[in-house]
Asks: 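Can you keep this structure in mind? I'll have questions shortly.
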Amino acid sequence: LSKDDVEEYACDVAFAGAGYFNRNQFLAGLTDYRLKIWGTEWGSRDLQPHLRSPDERFTPEQFAKIVSGAAINLNLHSSATHAGVDPRCDAVNPRVFEIAACGGFQICDPCWGLDRFFDPASEVPVYRDLAACRKLIDYYLAHDTERKAIAAQARERALREHTYEHRARQMIAF
C-alpha cells in the first residue's frame, strides 16, 4: 500500500460486502474497534461512521487494498433472516478464497463445507457468534506474528489448491 492507501485502508477490522440484515446487526457489535466497512446497502445508523464510499461498489483492486490494510478481515455470510451468524449457512462464499489469495488474515462464520477447503485451526479461524468473534479479534490483534503466519498458510493453500485453474481442471476431469 502507498502512504495514502495506508491512511485510507489501515484498520483493525475490515468488512467488504453488501449490508445484508444480519451483517448490519452483527457489525454494530464491533464499533468499538477500529472498524472500516466497504460496500453498499448499509442501513444501520451505528455503522455510518465506519462506512467508506457507501454508495459505491469496490473494484477488485480496491478489495486487495482493503484486505492488505486490515489486520483482520471479517467474513460473515449473508442472511436475510438471522440477526447474526446463520447456523445453517450452506455455502462457502468466494470471499473466503479471495481474502486468502490476497494474503489477508480472516476470521469466518462456520459455513457448511469450509473445512473441506481450509483448516480452521491453522488457516481460517471460525467464530459462531458475536462473543466468539470478539474473542478472536482481541486475541489476534494481540498476536501479530501468529496472525501473519495463519494468513500466509491460508494464502499458500489458496494458491496451491483453490485457483480458477484448479476448478477448471476439476470440471474437465469430472
Side-chain angles (χ1 to χ4, degrees), residues 8-9 11-120 123-138 140 150-151 154-155 157-158 161-164 167:
E8 172 66 17
Y9 296 101
C11 60
D12 292 335
V13 180
F15 184 86
Y20 286 93
F21 170 74
N22 68 318
R23 293 173 175 171
N24 272 278
Q25 303 302 310
F26 194 88
L27 270 67
L30 302 175
T31 57
D32 54 321
Y33 293 102
R34 214 165 48 110
L35 170 68
K36 292 184 179 180
I37 302 168
W38 284 264
T40 59
E41 302 167 43
W42 291 93
S44 171
R45 200 172 277 224
D46 295 335
L47 297 177
Q48 297 305 307
H50 304 277
L51 300 179
R52 300 294 181 264
S53 305
D55 298 324
E56 300 173 20
R57 295 188 179 273
F58 48 85
T59 66
E61 292 79 15
Q62 288 172 309
F63 180 76
K65 290 178 180 185
I66 292 165
V67 170
S68 295
I72 298 171
N73 292 277
L74 183 67
N75 195 341
L76 175 61
H77 289 72
S78 61
S79 175
T81 58
H82 292 86
V85 174
D86 181 348
R88 294 182 303 275
C89 180
D90 63 355
V92 176
N93 66 23
R95 193 169 292 112
V96 171
F97 303 100
E98 295 162 349
I99 293 170
C102 286
F105 175 83
Q106 69 180 303
I107 57 176
C108 188
D109 56 334
C111 51
W112 182 85
L114 177 64
D115 58 349
R116 289 180 32 226
F117 302 110
F118 292 101
D119 178 14
E123 297 168 332
V124 178
V126 172
Y127 61 90
R128 298 191 182 286
D129 55 30
L130 182 60
C133 180
R134 293 181 61 85
K135 188 174 179 179
L136 286 174
I137 291 169
D138 292 341
Y140 286 111
I150 290 171
R155 182 174 193 275
R157 177 117 183 237
E161 299 178 19
H162 303 306
T163 65
Y164 284 115
R167 293 298 177 265

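Note that this is a predicted model, so its numbers are computed, not measured. Position 1 is the first residue of the sequence; numbering continues from there.
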Asks: Of all the heavy-atom pairs spanning N75 and Q106, show the shortest one and how long it is.
Replies: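 Of all heavy-atom pairs spanning N75 and Q106, the closest is ND2-OE1, 3.3 Å.
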Asks: Roughly how far, to the nearest 0.5 Å, is OG1 of T31 from CD1 of I37?
Replies: 9.0 Å
Asks: As an exercise, state the distance from OG of S68 to CG of N73, rounded to the nearest 0.5 Å.
Replies: 8.5 Å
Asks: Kindly say whether G19 contributes a backbone atom to a donor-acceptor pair with the side chain of N24 at under 3.5 angstrom?
Replies: yes
Asks: Got more than 12 heavy atoms from elsewhere within 6.0 Å of CZ, F58?
Replies: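 Result for CZ/F58: enclosed.
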Asks: Taking atom CZ of R167 as the centre, does the number of heavy atoms from other residues, nucleotides or ligands within less than 6.0 Å exceed 12?
Replies: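 Atom CZ in R167 is packed in, count exceeds 12.
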Asks: When you measure from the centre of the six-membered ring of F15, is the NZ or CZ of R95 closer than 6.0 Å and no more than 45° off the axis?
Replies: yes
Asks: Rounded to the nearest 0.5 Å, what separates atom CZ in R23 from atom OG in S79?
Replies: 10.0 Å
Asks: Does the side chain of V85 reach to within under 4.5 Å of the side chain of P110, using non-hydrogen atoms?
Replies: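 Touching, per the 4.5 Å side-chain cut-off.
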Asks: Verify, without hydrogens or angle tests, whether E161 (side chain) and R157 (backbone) share a donor-acceptor contact under 3.5 angstrom.
Replies: no
Asks: Stepwise, does the side-chain contact (heavy atoms from CB on, under 4.5 Å) test hold for D12 with L35?
Replies: CA-CA 6 Å; D12 292 335; L35 170 68; over 6 Å; no
Asks: What is the distance from atom SG of C108 to atom CG of L136, rounded to the nearest 0.5 Å?
Replies: 11.5 Å
Asks: Kindly indicate, with the supporting measurements, whether the criterion side-chain contact (heavy atoms from CB on, under 4.5 Å) is fulfilled by S44 and L27.
Replies: CA-CA 9 Å; S44 171; L27 270 67; over 6 Å; no
Asks: Evaluate L130 against L30 for side-chain contact (heavy atoms from CB on, under 4.5 Å), listing each step before the verdict.
Replies: CA-CA 8 Å; L130 182 60; L30 302 175; 3.7 Å; yes
Asks: Nearest heavy-atom pair of V67 and G104: which atoms, and what distance?
Replies: CG1-CA, 3.4 Å
Asks: Pick one: which of N22, D86, D109 meets side-chain hydrogen bond (donor to acceptor under 3.5 Å, both in side chains) with H77?
Replies: D109
Asks: What are the two closest non-hydrogen atoms of T40 and D55, and how far apart are they?
Replies: CG2-C, 4.0 Å
Asks: State, yes or no, whether a side-chain contact exists between C111 and N93 at a heavy-atom distance under 4.5 Å.
Replies: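 Counting from C-beta outward, C111 and N93 never come under 4.5 Å.
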Asks: Would you sort out whether D138 and Y33 count as a side-chain contact (heavy atoms from CB on, under 4.5 Å), showing the intermediate values?
Replies: CA-CA 10 Å; D138 292 341; Y33 293 102; 2.6 Å; yes
Asks: Looking at every heavy atom in both D32 and R134, which two are closest together, and how far apart are they?
Replies: OD2-NH2, 2.7 Å
Asks: Which pairs count as ring-ring contact (aromatic ring centres under 6.0 Å, His included) when at least one residue sits in residues 83-110, sequence neighbours excluded?
Replies: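 Qualifying pairs: F97-F117, F97-F118, F97-H162, F105-Y140.
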Asks: Which distance, rounded to the nearest 0.5 Å, do you find between the CD of E123 and the CG of L114?
Replies: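 Those atoms lie 9.5 Å apart.
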Asks: Checking K36 now: which residues fulfil side-chain hydrogen bond (donor to acceptor under 3.5 Å, both in side chains) with it, not counting sequence neighbours?
Replies: none
Asks: Once rounded to the nearest 0.5 Å, what's the spacing between atom CZ of R52 and atom CD of Q62?
Replies: 13.0 Å
Asks: Of the non-hydrogen atoms in D46 and P49, which two are nearest, and what is the gap between them?
Replies: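 Between these two residues, the closest heavy atoms are O-CD, 3.5 Å.
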Asks: Taking the side chain as everything from C-beta on, heavy atoms only, tell me whether F21 gets closer than 4.5 Å to T81.
Replies: no
Asks: Closest approach of A100 and A154, non-hydrogen atoms and distance?
Replies: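 Minimum heavy-atom separation between A100 and A154: CB-O, 3.8 Å.
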